[in-house]
Amino acid sequence: MSAPDDLTARVAVVTGGSRGIGAAYVRALHDAGARVVVADVLEDEGAALAADLGDRARFAVLDVTDEDAWTALVDDTVAAWGGVDVLVNNAGIANAGPIEHYPRSKWDAVIAVNLTGVYLGCRAVVPTMKAAGRGSIVNISSVEGMRGSRGLHGYVASKFGVRGLTKSLAVELGPHGVRVNSVHPGWIDTDMTARIDPTGLPIPLGRGGTPQDLTGTVLYLAGDASAYVTGTEIVVDGGMINNTGHL
Ligand code: NAD
């Protein structure tokens with residue numbers, strides 16, 4: 001029997017896998033033995049990452065808001081590697097503004113990628129996971145899926161939505177052996193957060209996070225170590241969400 005963190009022979013798809021935290025998930029899943037599809041709109045970075053990893057990695061152009069692209073991605077992956085065992089719905093964007101100056105276009109853009117994209121991804125992989133009688137979907141939410149945050153209206157709404165969708169899917173898909181969980185990062189050092197200085201944040205562990213701080217959680221949820229875990233949420237934020245509002 002293989003170790004619970006051994007993902008050999010598993011097939012994983014990571015959206016937004018070309019850079020940032022997604023690229024760290026790709027490398028970690030690959031290191032654990034999985035075959036990994038790097039799925040992203042960023043072609044050069046994604047193709048370079050897949051080429052660097054070699055035979056057990058493929059790059060696929062995917063805009064997560066595009067239903068037909070999802071169908072093609074799953075069909076191609078099943079044809080090449082036989083199925084999809086793990087889906088990490090990581091692709092995301094952020095925008096902000098006070099509500100009177102937060103136009104419908106910004107709201108629509110962030111909901112489309114961060115929430116509708118997750119829904120489309122789950123819908124696309126579920127048939128092959130059900131057929132296999134197993135699967136793990138890891139939805140990347142945020143600490144902003146657990147609290148309010150000034151100006152981040154669409155982002156917060158999308159990340160709460162991801163948290164809720166995770167739970168309804170977990171209930172529905174559990175009888176089919178498909179687990180669905182959400183991950184809630186705090187401040188992590190990527191292009192998305194480049195304009196935020198983490199030194200002012202109330203992080204009990206005393207530092208901002210790195211993409212590598214997230215990989216253990218995603219590997220755990222992807223593999224058999226979490227075989228009895230579904231519908232849950234794991235916060236990976238250095239303790240920040242606990243450290244607000246004290247006298
Ligand atoms: P990033 O901007 O570095 O990477 C995001 C990736 O998603 C990019 O590769 C981008 O090309 C891809 N992407 C964007 N729109 C896409 C689309 N329509 N289709 C396919 N791919 C698309 O950001 P990151 O910090 O690595 O964020 C990754 C995830 O983690 C996001 O969902 C983000 O909301 C979440 N998150 C990040 C932080 C943080 O502090 N960095 C905190 C909490 C949650």
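Atoms within a ligand are numbered from 1 in the order they appear, just like the ligands themselves. Computation of the quantities below employed the complete heavy-atom set of this structure, encompassing side-chain atoms and omitting hydrogens, waters and symmetry-equivalent molecules. All values derive from a computational prediction rather than experimental measurement.
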Which side-chain N or O atoms in residues 42-52 pair as donor and acceptor under 3.5 Å with protein atoms at least two apart or in another chain?
residue, atom, partner, partner atom, Å
Asp52, OD2, Arg27, NH1, 3.2
Asp52, OD2, Arg27, NH2, 3.0

Test side-chain contact (heavy atoms from CB on, under 4.5 Å) applied to Pro103 - qualifying residues, sequence neighbours left out: Ser105, Lys106
Exam field: side chain Thr230 to backbone Val180, donor-acceptor pair closer than 3.5 Å: yes
Qualifying ring-ring contact (aromatic ring centres under 6.0 Å, His included) pairs with a residue from residues 147-176, counting only residues at least two apart or across chains: Tyr102-His153
Quiz item: cation-pi between Arg207 and Trp187, 6.0 Å / 45°: no
Shell of residues surrounding ligand 1, defined by a 4.0 angstrom heavy-atom cut-off that is strict: Gly16, Arg19, Gly20, Ile21, Asp40, Val41, Leu42, Leu62, Asp63, Val64, Asn90, Ala91, Gly92, Ile93, Val113, Ile140, Ser141, Ser142, Tyr155, Lys159, Pro185, Gly186, Trp187, Ile188, Thr190, Met192, Thr193
Leu120 vs Arg123 side-chain heavy atoms within contact, under 4.5 Å: yes
